Structures are given as structure tokens and as C-alpha cells.
There are 2 protein chains.
Amino acid sequence: MVRAKRATLKSIASDLGVTHTSVSNAYNNPAKVSKELRERIFAHARAVHYDGPHPAARSLRTGRCGAIGVVFNDPLSYAFTDPHDLAFLRGISTVCEEEGANLVLIPLNAREPERLDTLTAMVDGYIFNAPYRSHPAIRKALARGLPTVVVDFDAPDHASVLTNDREMMRTVVAHLLALGHTKVAIVTFPHAEGWGEIVALDADFSDENYVVHERVMGCREAFDAAGIAQGGILVCETMNSEEGGRSAVDRLLERRPDLTALACFSDRLAFGAVAQCEARGLPVPNRMSVTGFDGIDPPGGRAGAPELTTVRQNALEKGRRAAEFLLREDRARPAQISIAATFVNGRTSATAWGASGR
Amino acid sequence: MVRAKRATLKSIASDLGVTHTSVSNAYNNPAKVSKELRERIFAHARAVHYDGPHPAARSLRTGRCGAIGVVFNDPLSYAFTDPHDLAFLRGISTVCEEEGANLVLIPLNAREPERLDTLTAMVDGYIFNAPYRSHPAIRKALARGLPTVVVDFDAPDHASVLTNDREMMRTVVAHLLALGHTKVAIVTFPHAEGWGEIVALDADFSDENYVVHERVMGCREAFDAAGIAQGGILVCETMNSEEGGRSAVDRLLERRPDLTALACFSDRLAFGAVAQCEARGLPVPNRMSVTGFDGIDPPGGRAGAPELTTVRQNALEKGRRAAEFLLREDRARPAQISIAATFVNGRTSATAWGASGR
DNA sequence: CCGCTGGTGTTTAACGTTAAACCTGCCACT
DNA sequence: AGTGGCAGGTTTAACGTTAAACACCAGCGG
């Protein structure tokens, strides 16, 4: 069967002997068309399988298209496995559903970061999730001049949704210090392209990744306040997954077998770290304290998994607010939205092994 | 700062004293433009923050837009919590990343299913995930005439990606029967809008939902083969979640306290059912056998969760194949792709309590 | 010297909409 | 009777692009 040429406003109009504008109005300005004509138009539209104005044409004319684009640093296939990213997406999708907007997931070409074809998508605005500061995508989005909101990132010219990362990480480290831990290491996900090193806390940390930078600063502040030299604190950078957490434990203990606490920058890292410590005969929290960040549901579920000492942040709310900013608010001026996280004193942190009072 | 009017092919052309076609060619047909001119064009484009042809205009002209749309029956916020749906999305996104296509998630308005505005999105094709047969969206997609592939659904006029649901469910029930179970109940997710009943297996089941229908047929075949009357087998319909599984156990045991096995149509239902059985003092598998369907990672993770007797299907592969069909293959004729699932004999099924040999 | 070919660039005509301005009749108000 | 407003249309001009056809020039083989 040869599919007939698609019907258009024009074809319908000439079929019915009216102007195409009237047909357009039937769809967009019902008040401007008599009820009778409107019904004739819709009836005929149904008959010829016309399903409403062509989205590209409409979008070209109106400059809007009813969709928002979401850009991640990492491949989408990663985002779909990360509980934090998923909660974030859920927040966005909730608003999209309420507003009747489509949600465009924009994959970046990992191999050729300069090729940003997919970024030039039909969207009314962008949500960037924790982009690297120098990523070309963020510059391109700026150039395009569409409303943009960045999440977990500070961009003075754009709206942003942030968490009090620095303060929270300071709180976590202070918590560990209060428990008598002095041999603490930090486990972080990548802070820039090309990562993987173990360095001292006083090393240079680029601010490519806002979140890592802020949390590192929080750690520094806490150690400084306690008078502990940053040079003695190791920071291990690894991929953000349970596996990354496990390998971090091995690498860190090789250098510092006497560690008593690990401050991880995500719950996934922390769950991996807990598992590996236990596997190595270092029960948590008796011999090793482990803290996380995010407050996600553990991969081990409520069933038997350790209740993590962590920072609970509301990723869903972040998504909501970002999407609401694009779809609902007056986007004339950048807004800085801050969503406070809370410290959760769980069961994976305890008095330091060998500390006074033990 | 007042943002200058957006640059266009035309404005760039007139700035440079050439035709807009040449500028267009610089982007789309590099061979048709001298290297020198091309560089002048790109240099100027950068200067005026032109980031390439306007997607809507291009799409209007070419009829393509480099994106595929994914439609779920349920709200997106549900899909983002369901392991099966997530694996499916991951499969799709992998292909999108490889092909440089955008991924449009199309939310359906749950309250007003007749309002399908979001469906008229700028996409080159649709992937429908397990739609209800009579859902207006599927009709509208047809009307629009775009390439469409349905997953877990049989639509003669469209490409489809299916699993051997019927055969697998027959296998599961046969497995239970072989273990001596005769007092078996079935737990399913909704098979149509407006659900929630407990009915006998020989009741009328609409084929609104292809998957439920096929699996029910598989169960019937297995019971028939064993000479067990369908009228004595209960089917409990509930929402597809752990909570749904838990409530199903309560509702079923109220009617049939002597049940010894539950065949669930999803792993999520099964995990909930296992939890609730244990909570009610019916250890699995000693007093109650429970089977699932999907082969997902348990919400309880590898840590301590029961290894489910289930059917492992490859949702990721389903997503891959569906997306590949739209983005890579010759879509001239509908393709029927079938992805075989496999039976997994886990630890949640055992010889029936009270059966011979016990 | 002719016609052919390849490399560059131009002209023109869509693609399917919507917004703005305008027209026409009819009714109501002063 | 004149004026204003409204309901229900119509006309016209974009929106920013790409595809097709055509023009021009150089080089080249015959």
C-alpha cells in the first residue's frame, strides 16, 4: 500500500473551501472559529488521518516546541543505573508530565566531545547535570541562547540548582573527627577528565567538577579546624560505582594500612567500600567507619543492608525545581536555587578503633 | 544585556556577501564549497555565535530530525523505578549514543488519555512499550505514519519485538506442577485499565495487554496438560511493585489458606510476595514456592536476597533491537523480532508442602 | 575550436505553520 | 442615524532551512 501524501492545514482548508488560517485557528484559537466550522474541520481531519499541525513547522513559526533537553556528562546508559541520577530524572519527568512537555535525553558523543550535533536539538531549554566546567557542550548551550539551568554546578550567567555540598562534607568529616578518627581517607568520583590518582588533600584540585571541588573544600575546612595537616590525608579518585568503592579500599589500604575511616563522596562508593572492608576482615563500623553521600536506597535494599552514615540530598527535588524553572517560571533572570541536604547518623560510623575510651 | 537576534544562514551569508545556500552547503555539503570559503563561513559563524542550522527549520525541510520517541503506558516516573523498564531504556540509549540520535521520552497524560498533544513530537519514529491494545496513542501513532516498533505487543502492521512469554510461563507452571504443587495461584500486574480483581483462571481475559494475555495462556496450557481444572486456580491482579506482591499474598491467602505456590508475572511482584510470605510465617520455599518473571537484580541485591526461580529475559536487548530497527535497518517492511527468555531454577521453589515424598 | 567535465556558486521554490492586519456584517448603545 | 464592538472570517508575510536546476569558468581531449 502506498501511503498517501500527508495531509496539511492547507490541504484540509482547500478540501473544505476555507482558508488554512481557519483550520489553524480551529486547533489553536478555537474561539476564532464558529463551532460549526470547527466540527467540520475536525471531522475531515479525522477522515484524512490528519493528527494536528506538523511539529517542526509549528516550532519553526512559534519558536517553541514543548520539550526540554537533559544533558549528562556521562553516557545515558550510566545515568540509567545511578540511583541519584534516576531520582533526578524522576523529578524532571514528574514536572514534564504535569506540564505536558516532552523530555529529550541528549547523549553526548563520548569519543568526539567536539561533535555536538545532538545538542542542537529541538528543545525549549536545557538542564545540565553536573557538567565539567570546560566541557564544550556547556559553551555551546550558552551560545544557543536557550534558557538553561545547571544542576550541581555554578554558572553565574545561568540559573542553577545546588546543594550545600561544602557545609555537609564539613559536617561529615567533623563527625568522624569527633569520633576520634585521625587516619581518614577520602574516596571521590572523578573530578575531571583523565583521573584515577591517589593524591594528598592539599594537592591542587581543579574546579572542573563543582561538586567534587566543593566537597573537597568542605573536607579541608574540617581538617583545618581540627588542626590536622591536609598533607597526611589521602584522596582516592575512582569511578562512581560499588566496584569503584571496592577498588578504592584496596588501593588506599595498600598505602595506609592503618586507616580507620573512609569518607566517600557517594553512597554507591560507600556501599562498595563497606563490602570490601568486610571482605578484608575489617568489620564496619568496628574497625572501619565509612560514610557516604546522597541518601539513596541501598542496592542491598532494606533487607539486611547497613544503614549508612551519609548526607541525604533530595535529587528528586533537584529535578523538579530545575524542570519547573524551565517550564513554569519567569526565566528572565537567572535564579539560584539551593536545596539543603541533611546529615544522617547511621550505623556505619563509630568510635575510632584504638582511640581513647576504647 | 539585550541578546542580539539570533544569527541565521541568511544573515551570515549577507554578512559575507555570499548566498545562504553556500552557507548551508558549508555545513551539509562541504564538497560543494571551496575550502577557503568554508573556513571564512565557520570563522564568522563562531564570531556571531551561530551554532548551526536551526533544528526545526532543517527538520521541516528534510522531514527528519534525528530523534526517536519512546512511549510507556505508565507514567515516566514509574518507568524510572522499574528495573525491567530501565534495562529496556538502557538498551535504547546505547543505540542512540552510537547513532548520535536523541531520545525523546513522551509522557502520556494519565488524566486525559484522549489528549495526546505530547505524542505529536518531533521524532523520526516511535517505540511503544507494552501498550494497551485500545489505547488511543497507538492509533494516533499509526495515523501519523511514522515508523513504529512495538515491544511486548503484537501489532500486525508494525514491527515488533517480543519474548516467548507463553512458552516460558507454561514452563514455569509445569515446573511447579512437577514439584507436586496443585494449589497454585497466579499474581499478575494489570491486564487492562480498571483492574484489581481476583478471578479464576478460566475467566475471560481481554488481550488488552499482550504480555498478560500470553502468560495467562501459557498457564492455562500447563494446567490443561496436567489435567487440572482452571476453575480452581485463582488469578490476582495487582499493581506491579513489591507492595503489590505483598498485598496479593494477603488477599489470596484469605481466599485459599492452603496455597503452596505462587506464580508471579514479574520479579518485583515475586520479591514482594516472598517478603510477605516470610512475614506471615510461611518460609519460602519450604511452605510456599514463589516464582517470578524478568530476571532482574533483586531490590535486595546479591546481599542475602533469595535467588528467585524466574524467567530471565533480556530487556536491554529488547531496547537495543527496537532502537536499531528504527535507526539502522531498512524499515520498509515490518519485522517481527523475537528474543528468547530462559528459565532459571532458583531457590524459591521446592517440593510442595505436604506432597508425596515429604 | 568545440564540447565535455568538475569545481564553485547562484537562483528559485518549496517545507507547513502562525501572527498580524484587515474585511464584513450584524447588533447594541447613545 | 451614527458609532463602536464583536464574531467570524480572509489575506499576507514571515519563520530558517535544503533541494533542484542552472550559470560560469577552467582545463582538456579530440
Side-chain angles (χ1 to χ4, degrees), chain A residues 4-42 44-45 48-66 117 120-124 143-146, chain B residues 4-42 44-45 48-66 117 120-124 143-146:
Chain A
K5 211 161 154 17
R6 193 181 174 285
T8 69
L9 284 188
K10 254 183 199 148
S11 77
I12 291 187
S14 73
D15 288 357
L16 261 50
V18 295
T19 344
H20 62 278
T21 302
S22 288
V23 183
S24 171
N25 282 333
Y27 284 95
N28 303 307
N29 303 71
K32 290 195 171 185
V33 166
S34 71
K35 186 167 183 187
E36 181 212 345
L37 177 54
R38 193 148 26 103
E39 276 165 9
R40 262 174 65 215
I41 289 173
F42 287 151
H44 187 65
V48 297
H49 290 301
Y50 180 75
D51 63 317
H54 189 293
R58 160 179 278 176
S59 169
L60 175 60
R61 187 58 238 247
T62 63
R64 256 164 304 100
C65 65
D117 308 338
T120 308
M122 274 178 289
V123 295
D124 294 333
R144 212 174 154 199
L146 289 183
Chain B
K5 211 159 157 11
R6 193 181 175 285
T8 70
L9 284 188
K10 255 184 199 147
S11 77
I12 291 187
S14 72
D15 289 356
L16 260 50
V18 294
T19 344
H20 63 278
T21 303
S22 289
V23 184
S24 170
N25 283 332
Y27 284 95
N28 303 308
N29 304 70
K32 289 196 172 184
V33 166
S34 70
K35 187 169 181 187
E36 180 211 346
L37 177 54
R38 193 152 20 108
E39 276 166 8
R40 262 174 65 213
I41 289 173
F42 287 152
H44 187 64
V48 297
H49 290 300
Y50 181 74
D51 63 318
H54 190 293
R58 161 179 275 177
S59 170
L60 174 60
R61 189 57 239 248
T62 64
R64 256 164 304 102
C65 67
D117 307 338
T120 307
M122 275 179 286
V123 296
D124 294 332
R144 209 170 155 204
L146 289 183

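Only this structure's heavy atoms are used, side chains among them; waters, hydrogens and symmetry mates stay out. Every value quoted in this text rests on a predicted model; they were computed, and no experiment measured them. Every chain is numbered from 1 and lettered A, B, ... according to where its sequence line falls, protein lines coming before strand lines.
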Please state whether the base of [N] and the side chain of [X] form at least one donor-acceptor pair under 3.5 Å?
| X | N | value |
| --- | --- | --- |
| A:H20 | C:dT18 | yes |
| B:R58 | D:dT17 | no |
| B:T21 | D:dA19 | yes |

What's the [atom1]-[atom2] distance between [X] and [N], to the nearest Å?
| X | N | atom1 | atom2 | value |
| --- | --- | --- | --- | --- |
| A:K35 | D:dA7 | NZ | P | 16 Å |
| B:L60 | C:dC15 | CG | P | 9 Å |
| B:L16 | C:dG9 | CG | P | 11 Å |
| A:K32 | D:dT11 | NZ | P | 16 Å |
| B:R64 | C:dG16 | CZ | C1' | 17 Å |
| B:N28 | C:dG9 | CG | P | 16 Å |
| B:L9 | C:dG9 | CG | P | 16 Å |
| B:N25 | D:dT17 | CG | P | 13 Å |

CG (B:N25) and CZ (B:R38) are apart, to the nearest 0.5 Å, by 10.5 Å

[X], nearest nucleotide to its side chain (from [options]):
| X | options | value |
| --- | --- | --- |
| A:A57 | C:dT18, C:dG16, D:dT18 | C:dG16 |
| A:T8 | C:dT17, D:dG9, C:dT18 | C:dT17 |
| A:V33 | D:dT18, C:dT11, D:dG9 | D:dG9 |
| B:R61 | C:dT17, C:dT10, C:dA13 | C:dA13 |

ask   = Between the side chain of A:T62 and the main-chain N/O of A:R58, is any donor-acceptor distance below 3.5 Å?
value = yes

Is [X] touching bases, backbone alone, or none of the nucleic acid, heavy atoms closer than 4.0 Å?
| X | value |
| --- | --- |
| A:T62 | sugar-phosphate |
| A:N29 | nothing |
| B:Y50 | sugar-phosphate |
| B:S24 | base |

A:T120 and B:D51 have their tightest heavy-atom pair at OG1-O, 3.8 Å

Shortest non-hydrogen pair, A:V33 vs A:S22, comes out as CG2-O, 3.6 Å

| field | Working for salt bridge (charged side-chain N to carboxylate O under 4.0 Å, His left out), residues B:R40 and B:D15 | value | CA-CA 11 Å; B:R40 262 174 65 213; B:D15 289 356; over 6 Å; no

